Amino acid sequence: MSPYDVAIVGTGPDPENPTVESFAMAYRHAEAYERREDCRLLAAADLVSERVETFGDRFELPTDARFTDAVEMFEAIEPDVVSITVPPEVHTDLVAAAARRGVEAIHCEKPMAATWAGAQRMAQEAWRADAQLTFHRMRRFGRPFRSATELVADGAIGDLRRIEISWGDFYDTGAHAIDLAGMIAGEPRAEWVIAQLDYREEDLRFGMHQENQMFAQWEYDTGVQAIMATGEGDGLAGGAFHVVGDDGEIRIDSDDGPMLEVRRAGTATWETIDIDGEGLHDAGSDEYQYGSVYHQRAIDDVIEALGGDRESELRARNGLNTAEIIFGGYESVRRRGRVDFPLTIEDNPFEAMIESGEIGPDSDN
Ligand SMILES: NC(=O)c1ccc[n+]([C@@H]2O[C@H](COP(=O)([O-])OP(=O)(O)OC[C@H]3O[C@@H](n4cnc5c(N)ncnc54)[C@H](O)[C@@H]3O)[C@@H](O)[C@H]2O)c1
């Protein structure tokens, strides 16, 4: 079988100095494709020509495979697989453009989109074009979260009741944390969310505003609830995640314990789970120049699902479950009440409230 032809949109400027303004995720995706025998990195595009030139030199792309216009690249190269590693504001249009030009597998960075309508449109465009659409939630492949999910599925803590999260924030890292809660809970849909937030100091990440503190509670259609407290309130879970069953509990990255521990059903003592030194962000391997084992496992999952008969767990459906909680949480703040799903708004209520001066560093409130 001939290898998949891969192209990247949004090379970024500098992979060596990642910041919350620019992480150059393209290099991390590209390295993972490069390491697979069934993938051939063919082309890249970035609005800024020096960036695509630097990337092209590093990955030895021919000069006629370096573009400043992504659509031109889709039409000229006709790639099978595309990674979209641009800021969230432009995810939707580029995913739609790739789907309309027959790209088979579109792998986009998280957070899914800048608005709820944008998230839904991406999923629709991919579905109509019969393209595989996935999102780069690579932390799913880290042992702390995988082993916790297996413990829950095996009944180690009885019936799952609650997931408490005190990790990161609601939109940016939340796109991982809320997704991971969904994985641990068995990928259910949420039925409602209620939330409040505080935004007094400007914090922009990858071009999007990020609240300073948030509290949210939601319930899945399985009856399992989740609560998330960030910023000043992040002592809630006593670590990153506290997973509570009716007879047992799991802690991930607890404040004073190991990375993963369980108190199994019928026991009173905590047991440390061996996860081979893997952490929240990475497995600590130094064999990657830019990326990590987690990025590799995510790209592997995307490519293996493309050639096989199973869906990638990074699929758009799981992405929508997470996006509905994120935008629904912001809508709850705007409405000052609980938001029942399906979510019927279109915009990003957080950005809308900042724009109208209702909240944010420049508001009078
Ligand atoms: N998975 C993770 O843990 C993780 C970590 C960091 C960032 N991210 C996400 O990755 C995405 C990209 O972030 P980054 O920090 O790598 O970005 P970056 O700024 O390093 O690179 C993005 C590039 O996209 C280019 N670009 C913008 N619009 C374009 C267009 N229409 N066509 C072609 N190129 C375009 C920009 O010129 C820029 O060079 C964001 O969604 C961000 O949230 C994910």
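Read the numbers this way: they start at 1 and go in the same order the structure lists the ligands and their atoms. Being a predicted model, the structure only gives us computed values, none of them experimental.
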With H136, which of R28, K110, H176, H295 fulfils side-chain hydrogen bond (donor to acceptor under 3.5 Å, both in side chains)?
-> H295

On a heavy-atom basis, the closest approach of A43 and I77 is CB-CG1, 3.8 Å

Kindly give the heavy-atom pair with the smallest separation between E187 and N321, and that separation in Å.
-> O-ND2, 4.0 Å

Within the 4.0 Å heavy-atom cut-off around ligand 1, the contacting residues, ordered by chain and number, are V9, G10, G12, P13, E21, S22, F23, A24, M25, D46, L47, V48, R51, T85, V86, P87, P88, V90, H91, L94, E109, K110, P111, H136, M138, R139, H176, F206

Do we get R100 above F74's six-membered ring, with its NZ or CZ under 6.0 Å from the centre and within 45° of the axis?
-> no

Can W218 be reached from I163 by stepping across I, L, V, M, F, W or Y side chains whose heavy atoms are under 4.5 Å apart?
-> yes

If we ignore angles and hydrogens, is there a donor and acceptor under 3.5 Å between the side chains of E211 and Y330?
-> yes

